[in-house]
Peer 1: 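Below: one structure in structure tokens.
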Amino acid sequence: MLEGLFGGKRPRDIGVHQGRLKACPKTPNCVCSQADDDKHHIAPLTSSHLKGAALIERLAEIVASWERTDIVTRRGDYLHAECRSKMMGFTDDLECFWSEDEQVCHVRSASRLGKSDFGKNRERVEQLRSDLKAG
């Protein structure tokens with residue numbers, strides 16, 4: 001488990017509930033592909049050659065290679081990782097969920113503490129998208 005001065009407690013209410021990831025709070029330190037507003041919305045992850053559990057497994061491989069990142073949960077359709085900032089140890093939760101109905105991988109990245117993340121959560125998801133496309 002990652003530790004830091006500003007790590008915050010691991011949320012108990014994240015995960016997939018009725019086919020949806022947790023909604024973002026009103027603060028700008030969260031992005032989610034299932035969000036309805038432009039401030040929080042980000043496109044889901046897709047792959048031309050990977051689907052379902054194979055896609056989640058590939059995402060887990062990518063995330064596991066990142067510094068200061070630990071995988072908390074990995075199962076066939078879901079991935080939860082904790083990502084810690086270098087300087088202060090802020091912890092963000094990154095979630096990926098394969099929707100069989102929609103044939104996309106929904107993604108959510110959210111800070112545990114504070115109000116602003118200076119775009120870090122959006123940047124993280126776009127880095128994951130880029131790493132996925134790179135192979």
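Quick caveat, the model's predicted, so the values are computed rather than measured.
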Peer 1: Does Glu67 offer a backbone N or O that forms a donor-acceptor pair with the side chain of Thr69 under 3.5 Å?
Peer 2: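 Yes, the answer is positive, given that a donor and an acceptor are paired below the 3.5 Å cut-off.
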Peer 1: Determine, stepwise, if the pair Arg20 / Val16 fulfils side-chain contact (heavy atoms from CB on, under 4.5 Å).
Peer 2: CA-CA 5 Å; Arg20 297 194 60 86; Val16 182; over 6 Å; no
Peer 1: Begin with the C-alpha distance, continue with both residues' side-chain angles, and end with the deciding distance and a verdict on side-chain contact (heavy atoms from CB on, under 4.5 Å) for Trp98 and Gln103.
Peer 2: CA-CA 7 Å; Trp98 173 257; Gln103 293 290 296; 3.7 Å; yes
Peer 1: Using a strict cut-off of less than 4.0 Å between a Lys/Arg side-chain nitrogen and an Asp/Glu carboxylate oxygen, indicate whether Arg74 and Glu57 qualify as a salt bridge.
Peer 2: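 So Arg74 pairs with Glu57 through a salt bridge.
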Peer 1: What closest approach, in Å, do Ile71 and Ala60 show between heavy atoms, and which atom pair accounts for it?
Peer 2: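 Heavy atoms of Ile71 and Ala60 come nearest at CD1-O, 3.5 Å.
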Peer 1: According to a hydrophobic-cluster definition based on side-chain heavy atoms being under 4.5 Å apart (Ile, Leu, Val, Met, Phe, Trp, Tyr only), do Leu132 and Leu94 belong together?
Peer 2: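 Leu132 clusters together with Leu94.
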Peer 1: Would you confirm whether Lys39, through its side chain, and Lys26, through its main-chain N or O, come within 3.5 Å as a donor-acceptor pair?
Peer 2: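 Answer holds: yes.
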Peer 1: Under 4.5 Å between side-chain heavy atoms, hopping through other hydrophobics if needed: is there a path connecting Val107 to Phe97?
Peer 2: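 In one cluster with Val107: Phe97, no.
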Peer 1: Closest heavy-atom contact between Leu50 and Ala54?
Peer 2: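 Minimum heavy-atom contact is CD2-CB, 4.0 Å.
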Peer 1: Side-chain contact, heavy-atom cut-off 4.5 Å: Leu21 with Tyr78?
Peer 2: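 SC-SC contact between Leu21 and Tyr78 confirmed.
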Peer 1: Heavy atoms, side chains only, cut-off 4.5 Å: are Arg129 and Ile42 in contact?
Peer 2: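 They are in side-chain contact.
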Peer 1: Are Arg124 and Asp92 close enough for a salt bridge, meaning some N to O gap below 4.0 Å?
Peer 2: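 Yes, Arg124 and Asp92 are salt-bridged.
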Peer 1: Could you tell me whether the side chain of Ser85 and the main chain of Phe90 form a donor-acceptor pair under 3.5 Å?
Peer 2: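 Side chain of Ser85 to backbone of Phe90: a pair is present.
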Peer 1: Before you tell me yes or no, could you show the steps for Ile14 and Glu95 under side-chain contact (heavy atoms from CB on, under 4.5 Å), namely the whole-Å CA-CA distance, both residues' side-chain angles and the distance that decides it to 0.1 Å?
Peer 2: CA-CA 9 Å; Ile14 61 173; Glu95 298 177 275; 3.5 Å; yes
Peer 1: For Asn29, does its backbone N or O pair with a side-chain atom of Asn121 as donor and acceptor, under 3.5 Å?
Peer 2: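 The answer is yes, because a donor-acceptor pair under 3.5 Å joins these two groups.
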Peer 1: Is there a donor-acceptor pair under 3.5 Å between the side chain of Ser116 and the backbone N or O of Phe118?
Peer 2: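 Looks like yes, one N/O pair under 3.5 Å.
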Peer 1: Just wondering, do Leu79 and Thr73 contact through their side chains at under 4.5 Å, heavy atoms?
Peer 2: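 Side-chain contact under 4.5 Å: no.
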Peer 1: Would the number of heavy atoms belonging to other residues, nucleotides or ligands and lying under 6.0 Å from NZ of Lys133 be above 12?
Peer 2: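 Counting neighbours around NZ of Lys133, 12 or fewer heavy atoms of other residues, nucleotides or ligands fall under 6.0 Å, so no.
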Peer 1: Is any side-chain heavy atom of Leu128 closer than 4.5 Å to one of Trp66?
Peer 2: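 Result yes, sub-4.5 Å side-chain heavy-atom pair found.
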Peer 1: Looking only at heavy atoms, what is the nearest atom pair of Pro28 and Asp117, with distance?
Peer 2: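 Looking at all heavy atoms of both residues, the closest pair is O-OD1, 3.8 Å.
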Peer 1: Do Arg112 and Asp93 sit within salt-bridge range, that is, some charged N less than 4.0 Å from a carboxylate O?
Peer 2: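 Yes, charged N to carboxylate O under 4.0 Å.
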Peer 1: Does the pair Cys96/Cys105 show an SG-SG distance of less than 2.5 angstrom?
Peer 2: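 No, because the SG atoms of Cys96 and Cys105 are not under 2.5 Å apart, which misses the disulfide cut-off.
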Peer 1: Are any non-hydrogen side-chain atoms of Arg58 and Ser47 less than 4.5 angstrom apart?
Peer 2: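 Side chain of Arg58 against side chain of Ser47, heavy atoms only: no contact under 4.5 Å found.
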Peer 1: Please examine the side chains of Val31 and Cys24, heavy atoms only from C-beta on, and report whether any two atoms are closer than 4.5 Å.
Peer 2: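 Counting from C-beta outward, Cys24 and Val31 never come under 4.5 Å.
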Peer 1: Surrounding CG of Asp13 (heavy atoms of other residues, nucleotides or ligands, distance under 6.0 Å), is the total greater than 12?
Peer 2: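 Yes, CG of Asp13 has more than 12 neighbouring heavy atoms, counting only those of other groups under 6.0 Å.
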Peer 1: Within the side chain of Arg68, is there an N or O that forms a donor-acceptor pair under 3.5 Å with the backbone of Cys83?
Peer 2: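 Here the side-chain-to-backbone pair does not exist.
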Peer 1: Report yes if some heavy atom in the side chain of Cys30 is under 4.5 Å from a heavy atom in the side chain of Pro25; otherwise report no.
Peer 2: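 Contact flag for Cys30/Pro25 side chains = yes.
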Peer 1: How about Thr91 and Arg10: do any of their side-chain heavy atoms sit closer than 4.5 Å?
Peer 2: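 The answer is no, as the side chains (C-beta and beyond) never meet within the 4.5 Å cut-off.
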Peer 1: Could you walk me through whether His40 and Asp37 satisfy the side chain to side chain donor-acceptor pair (under 3.5 Å) test, starting with their C-alpha distance in whole Å, then the side-chain angles of each, then the deciding distance to 0.1 Å, before giving a yes or no?
Peer 2: CA-CA 6 Å; His40 295 107; Asp37 63 298; 2.7 Å; yes
Peer 1: Please assess Ser99 against Asp101 for the test side chain to side chain donor-acceptor pair (under 3.5 Å), listing each intermediate value before the final yes or no.
Peer 2: CA-CA 5 Å; Ser99 171; Asp101 292 342; 5.3 Å; no
Peer 1: Quick check for you: to the nearest 0.5 Å, what is the distance between His49 atom NE2 and Leu55 atom CG?
Peer 2: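 So the NE2 of His49 and the CG of Leu55 are separated by 9.0 Å.
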Peer 1: For Ile56 versus Gly76, what's the shortest heavy-atom pair and its separation?
Peer 2: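 The pair with the smallest heavy-atom distance is CG1-O, 3.6 Å.
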Peer 1: Would you sort out whether Val104 and Leu45 count as a side-chain contact (heavy atoms from CB on, under 4.5 Å), showing the intermediate values?
Peer 2: CA-CA 6 Å; Val104 297; Leu45 302 172; over 6 Å; no
Peer 1: Work out which heavy atom in Ser33 is nearest to a heavy atom in His106; give both atom names and the distance.
Peer 2: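 Closest approach of Ser33 to His106, heavy atoms only: OG-ND1, 2.7 Å.
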Peer 1: Charged N to carboxylate O below 4.0 Å: is that the case for Asp77 and Arg75?
Peer 2: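 Here Asp77 pairs with Arg75 in a salt bridge, since their nearest N and O are under 4.0 Å apart.
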